[in-house]
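What follows is a short report on a single structure.
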Amino acid sequence: MAARIEHLVTSGQFSLDGGTWDVDNNVWIIGDDHEVIVIDAAHDADAIATAVGDRRLTAIVCTHAHNDHIDAAPELAARTGAPILLHGDDLPLWKQTHPDRDPDARLADGQVIEVAGAELTVLHTPGHAPGAVCLYAQDLGTVFTGDTLFNGGPGATGRSYSHFPTIIDSIRDRLLALPAGTKVLTGHGDSTTIGAEAPSLEDWIARGH
């Protein structure tokens with residue numbers, strides 16, 4: 001059976017630099033009737049575990065370590081035995097939320113994660129966070145962008161550990177190089193495509209945020 005993409009929205013709070021905001025997060029589940037991975041275990045381990053059901057969860061992949069994307073990861077890992085994967089450059093952010101629980105393995109640029117016959121290639125895309133990654137599934141015509149690229153522009157870069165010129169470089173060099181028809185499944189909000197976002201690059205640069 002071919003891999004498919006399932007979508008769950010969970011709600012909670014994002015906290016950084018002394019501020020807290022209510023947020024809705026996209027949780028992506030990729031796999032088949034037997035095995036899956038979860039991208040960004042946000043807020044609600046119960047809801048995510050229910051969506052996974054009796055399938056084998058082979059990995060919990062973190063696009064970055066802001067608390068709203070990782071807060072449910074240790075509980076989900078404890079319940080399922082799945083390893084938590086995070087890029088090493090985001091360990092300082094991770095430690096702000098989970099000081100006593102390390103990720104189980106570090107993501108590397110170019111690494112391939114396999115699930116249910118699908119291959120997801122890790123693209124290191126710093127800017128929103130130092131260890132931010134996107135996951136490109138060529139066979140599914142999809143890239144999971146976390147908070148690097150949204151419907152309408154780049155992820156936020158106004159807080160600690162973020163940098164606007166870096167996120168622009170990541171989007172230009174790593175994401176806009178993908179086929180125009182590639183679906184962009186984001187960490188928050190609506191999906192888009194590479195082709196829909198690419199024409200706005202110069203406008204984003206001109207606005208500088």
Side-chain angles (χ1 to χ4, degrees), residues 14-17 19 21 23 25-26 28 30 37 39-40 42 61-70 84-97 103 105-113 119-209:
F14 165 56
S15 298
L16 188 66
D17 297 341
W21 300 265
V23 289
N25 283 63
N26 293 325
W28 302 102
I30 302 95
I37 65 169
I39 298 177
D40 288 346
V61 185
C62 307
T63 61
H64 62 295
H66 285 152
N67 74 290
D68 57 318
H69 292 256
I70 63 167
I84 300 170
L85 313 183
L86 175 74
H87 194 282
D89 289 354
D90 258 21
L91 278 174
L93 275 170
W94 171 275
K95 288 295 190 181
Q96 291 185 10
T97 303
R106 298 191 181 188
L107 295 169
D109 186 62
Q111 177 180 346
V112 175
I113 299 169
E119 295 186 343
L120 290 81
T121 301
V122 175
L123 307 177
H124 183 210
T125 52
H128 180 69
V133 302
C134 299
L135 297 150
Y136 176 48
Q138 182 176 357
D139 291 345
L140 300 175
T142 300
V143 61
F144 301 88
T145 56
D147 289 2
T148 294
L149 178 63
F150 290 116
N151 183 329
T157 53
R159 302 188 183 98
S160 296
Y161 299 96
S162 64
H163 189 244
F164 179 74
T166 301
I167 202 171
I168 288 295
D169 287 346
S170 292
I171 292 170
R172 177 199 294 116
D173 298 342
R174 307 307 304 276
L175 299 181
L176 299 188
L178 299 175
T182 303
K183 291 178 290 186
V184 176
L185 303 187
T186 61
H188 308 271
D190 295 333
S191 301
T192 183
T193 66
I194 293 295
E197 301 304 321
S200 299
L201 178 66
E202 296 306 321
D203 289 340
W204 303 335
I205 294 170
R207 292 204 306 265
H209 64 276

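Counting only distance, with no hydrogens or angles, the side chain of W28 and the backbone of G187 share no donor-acceptor pair below 3.5 Å. Within the 3.5 Å criterion, the main-chain N or O of S160 finds a donor-acceptor partner in the side chain of D17. For N26 (side chain) and L185 (main-chain N/O), no donor-acceptor pair under 3.5 Å exists by modelled atom type.
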L201/I168 under side chain to side chain contact (heavy atoms under 4.5 Å, CB included): CA gap, chis, key distance, verdict: CA-CA 8 Å; L201 178 66; I168 288 295; 4.3 Å; yes

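Summarising the geometry of E119 relative to V112, their closest heavy-atom pair is CB-CG1, 3.7 Å, with the distance given to 0.1 Å. The two atoms that bring L175 and I194 nearest to each other are O-CD1, 3.4 Å, heavy atoms only. Residues L86 and C62 share a closest heavy-atom pair of CD1-CB, 3.7 Å. Pairing each heavy atom of P103 with each of L91, the nearest pair is CD-CD2, 3.6 Å. Across A196 and T193, no two heavy atoms sit closer than the pair N-OG1, 3.0 Å.
Considering only residues two or more places apart in sequence or on other chains, D109 meets the salt bridge (charged side-chain N to carboxylate O under 4.0 Å, His left out) condition with R174. For T166, the side chain to side chain donor-acceptor pair (under 3.5 Å) partners at least two apart in sequence or on another chain are H163. With sequence neighbours excluded, no residue satisfies side chain to side chain donor-acceptor pair (under 3.5 Å) with N151. Not counting sequence neighbours, A180 has no partner by the side-chain contact (heavy atoms from CB on, under 4.5 Å) test. The side chain to side chain donor-acceptor pair (under 3.5 Å) search around S191 returns none, not counting sequence neighbours. Under the salt bridge (charged side-chain N to carboxylate O under 4.0 Å, His left out) criterion, D169 pairs with R172, sequence neighbours left out. Judged as a side chain to side chain donor-acceptor pair (under 3.5 Å), and not counting sequence neighbours, the contacts of D68 are N25, H188.
L149 has its side chain out of reach of T186: every pair of non-hydrogen atoms, C-beta onward, lies at least 4.5 Å apart. Residues L107 and I113 form a side-chain contact, since some pair of their non-hydrogen atoms from C-beta on lies under 4.5 Å apart.
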Donor-acceptor contacts, no H, no angles, side chain residues 122-137, under 3.5 Å, sequence neighbours left out:
residue: H124; atom: NE2; partner: P130; partner atom: O; Å: 2.8
residue: T125; atom: OG1; partner: T148; partner atom: OG1; Å: 3.3
residue: H128; atom: ND1; partner: A156; partner atom: O; Å: 2.7
residue: H128; atom: NE2; partner: H66; partner atom: ND1; Å: 3.1
residue: H128; atom: NE2; partner: D147; partner atom: OD2; Å: 3.4

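Counting only N and O atoms by type, the side chains of S15 and N67 include no donor and acceptor under 3.5 Å apart.
For the atom pair I30 CD1 and F144 CZ, the distance stands at 4.0 Å (nearest 0.5 Å). Distance check: I205 CD1 to S200 OG gives 11.0 Å after rounding to the nearest 0.5 Å. Distance CG/L93 to CG/L16: 6.5 Å, rounded to 0.5 Å. Taking OG1 of T182 as the start and CG of L140 as the end, the distance is 11.0 Å to the nearest 0.5 Å.
Residue pairs meeting the side-chain hydrogen bond (donor to acceptor under 3.5 Å, both in side chains) criterion with at least one member in residues 84-97, sequence neighbours excluded: K95-D102. Residues in residues 183-203 take part in no salt bridge (Lys or Arg N to Asp or Glu O under 4.0 Å) pair, two or more places apart or across chains.
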